[in-house]
> 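The structure is given below, and queries will be raised subsequently.
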Amino acid sequence: MSDLADQIEATGADLARAREMIARRVIGQSAVVDLSLTALLCGGHALLVGAPGLAKTRLVEALGTVMGLNSNRVQFTPDLMPSDILGAEVLETGQDGSRTFKFIEGPIFCQLLMADEINRASPRTQSALLQAMQEKQVSIAGERRDLEKPFHVLATQNPIEQEGTYPLPEAQLDRFLVQIDVNYPDRDAEREIMLATTGTAEAEAEPVFDAARLMDVQHLVRQMPVGESVVELILDLVRAARPDSEEADAQVKGAVSWGPGPRAAQALMMAVRARALMDGRYAPSASDVAALAHPVLIHRMALSFAARAEGQTLDNLIAGLVTRIAGQDIAA
């Protein structure tokens, strides 16, 4: 146990340095940075939702540098084909006239893939990511090919301009560990951004981790103990968010058309451990569950037509769930 505690302390110090490096490039978005790191520490994927110009691309670039990951970026457009992401076999003619098929790897063969404006691509292209995100491998020309380890997808969506977009199906949304809402910075942060990015030079981030070290930390996250009260709280929260469950919250039954599945409980279990690790704590608490409920549940639930007509929102619904179910534990 003492060895585990030493590892947690050392990793907490490294993560504090990583946050500091990312903050050189991404100013005024500490909550977004922490949630993005949470996804990486859990070995998962994240969906960043925000208006243009809020440093989503810069964040992914900074994460790749600081975490020592080989990263690629794909701009999703309506004419993007699955082979543009996965790669394809091409027929090559040798000097002796012989012909052989050669596989050309697509941008998905990396450790950190940025899928920019993912909802602009067709469902066929979106589905090309499904196997990769879940199984960390792809099937091309009948052959399975493993992706690099670790493999993470950070996808972005613009919530404003929805014309010409293809909403992500529930099956793919569920494969994102968290949805991260990227909001506008406050006045002081925006002033700092303006001054820091319009001069002759900008601060650069430096590597803190590498791929092997990140995988060690991901294993450490899985080793962290979780108290029985936190386990029960996660189950209470997730099961209360399902409208067809016997344990469904009264407000949920009439307002939600479909709720989170078991993968939500798994995601919350991993995320609370990662949050505790980043704070240098040895085990997660009820406050971690409350803090991460929204990013874990928001994309795994849908309001009914009647609830939308009444002006209800998932943000308020999840906040109410957390207050009713986790409020006493947090107070304690």
Side-chain angles (χ1 to χ4, degrees), residues 1-46 48 54-73 110-114 148-154 177-178 180 182 185-186 188-189 191-193 195-197 199 201-225 270-285 287-288 291-292 295:
M1 186 64 182
S2 61
D3 182 52
L4 181 62
D6 291 341
Q7 290 183 59
I8 291 172
E9 287 185 10
T11 303
D14 288 341
L15 287 170
R17 186 161 168 259
R19 284 157 139 175
E20 179 186 338
M21 286 295 169
I22 296 171
R24 291 183 180 182
R25 301 286 296 158
V26 183
I27 300 168
Q29 296 285 9
S30 58
V32 173
V33 170
D34 286 353
L35 281 172
S36 301
L37 282 173
T38 296
L40 296 186
L41 296 181
C42 295
H45 316 289
L48 294 100
L54 295 181
K56 297 186 293 296
T57 303
R58 180 181 283 241
L59 169 64
V60 178
E61 291 173 351
L63 282 169
T65 299
V66 173
M67 305 308 285
L69 301 178
N70 169 28
S71 60
N72 283 327
R73 176 180 178 272
C110 65
Q111 294 166 326
L112 181 63
L113 177 69
M114 179 180 184
E148 291 189 53
K149 295 182 180 180
F151 174 71
H152 304 277
V153 173
L154 295 184
L177 185 95
V178 289
I180 305 173
V182 186
D186 60 31
D188 290 340
R191 174 187 173 85
E192 189 177 349
I193 292 169
L195 296 175
T197 58
E202 291 187 42
E204 296 294 331
E206 299 173 7
V208 176
F209 289 80
D210 58 26
R213 171 69 170 137
L214 177 57
M215 286 191 287
D216 288 341
V217 176
Q218 290 171 350
H219 181 65
L220 176 62
V221 169
R222 290 180 174 271
Q223 291 180 286
M224 292 182 68
M270 292 295 295
V272 296
R273 287 166 160 163
R275 188 173 190 266
L277 179 62
M278 285 195 293
D279 288 347
R281 290 180 279 118
Y282 304 128
S285 66
S287 61
D288 295 314
L292 291 165

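Scope of the values below: all heavy atoms of this structure, side chains included, with no hydrogens, waters or symmetry mates. What you see is a predicted model, and the numbers here were worked out from it, not measured in a lab. Along the sequence shown, residues are numbered consecutively beginning with 1.
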> At what distance, to the nearest 0.5 angstrom, does CD1 of Ile22 lie from OG1 of Thr65?
9.5 Å
> Check for a donor-acceptor pair, side chain of Arg58 on one end and backbone N or O of Arg25 on the other, with a separation under 3.5 Å.
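Yes; judged by distance alone, with no hydrogens or angles, the pair exists.
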> For the pair Leu37 and Met67, evaluate side chain to side chain contact (heavy atoms under 4.5 Å, CB included) and give the outcome as yes or no after the intermediate values.
CA-CA 9 Å; Leu37 282 173; Met67 305 308 285; 3.9 Å; yes
> I would like to know whether Leu35 and Leu292 meet side chain to side chain contact (heavy atoms under 4.5 Å, CB included); could you show each step before the answer?
CA-CA 9 Å; Leu35 281 172; Leu292 291 165; 3.5 Å; yes
> To the nearest 0.5 Å, how far apart are CE in Met21 and CD in Glu204?
11.0 Å
> Identify the heavy atoms of Asn72 and Cys110 that sit nearest to each other, and give their distance.
ND2-CB, 3.5 Å
> Show your working on side chain to side chain contact (heavy atoms under 4.5 Å, CB included) between Val60 and Ser71 and close with a plain yes or no.
CA-CA 8 Å; Val60 178; Ser71 60; 5.6 Å; no
> Sort and list the pairs that fulfil salt bridge (Lys or Arg N to Asp or Glu O under 4.0 Å) and have at least one residue in residues 210-225, not counting sequence neighbours.
Asp14-Arg213
> Which pair of non-hydrogen atoms, one from Ala205 and one from Val66, has the smallest distance, and what is that distance?
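Heavy atoms of Ala205 and Val66 come nearest at CB-CG2, 3.8 Å.
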> Do you know which two heavy atoms are closest between Phe151 and His45, and how far apart they sit?
O-CE1, 3.7 Å
> Which residue pairs pass the salt bridge (Lys or Arg N to Asp or Glu O under 4.0 Å) test with at least one member in residues 30-40, sequence neighbours excluded?
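Non-adjacent pairs meeting salt bridge (Lys or Arg N to Asp or Glu O under 4.0 Å): Arg19-Asp34.
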> Any chance you could measure Ile193, atom CD1, to Leu54, atom CG, to the nearest 0.5 Å?
8.5 Å
> Could you please spell out the steps behind the salt bridge (Lys or Arg N to Asp or Glu O under 4.0 Å) verdict for Glu206 and Arg24?
CA-CA 10 Å; Glu206 299 173 7; Arg24 291 183 180 182; 3.8 Å; yes
> Ala189 and Gly28: which non-hydrogen atoms are nearest, and at how many Å?
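Smallest interatomic distance, heavy atoms only, reads CB-CA, 3.8 Å.
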> Are side-chain heavy atoms of Val26 and Val32 found at a separation under 4.5 Å?
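No, too far: nothing below the 4.5 Å cut-off.
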> Could you work out, with side-chain contact (heavy atoms from CB on, under 4.5 Å) as the rule, every residue matching Gln218, not counting sequence neighbours?
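For Gln218, the residues satisfying side-chain contact (heavy atoms from CB on, under 4.5 Å) (neighbours in sequence not counted) are Pro150, His152, Leu214, Met215.
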> Which atom names give the shortest non-hydrogen contact between Ala39 and Val178, and what distance separates them?
CB-CG2, 4.3 Å
> What's the separation between atom CZ in Phe209 and atom OG1 in Thr11, rounded to the nearest 0.5 Å?
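Here the rounded value is 6.5 Å.
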> Distance from Arg73 atom CZ to Leu154 atom CG, nearest 0.5 Å?
13.0 Å
> Find the distance between CG (Leu277) and CZ (Arg273) and round it off to the nearest 0.5 Å.
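Rounded to the nearest 0.5 Å, the CG-CZ separation comes to 11.5 Å.
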> Which pair of non-hydrogen atoms, one from Pro225 and one from Ala283, has the smallest distance, and what is that distance?
O-CB, 3.5 Å
> Using a 3.5 Å distance criterion without hydrogens, assess whether the side chain of Gln111 forms a donor-acceptor pair with backbone atoms of Asn70.
yes
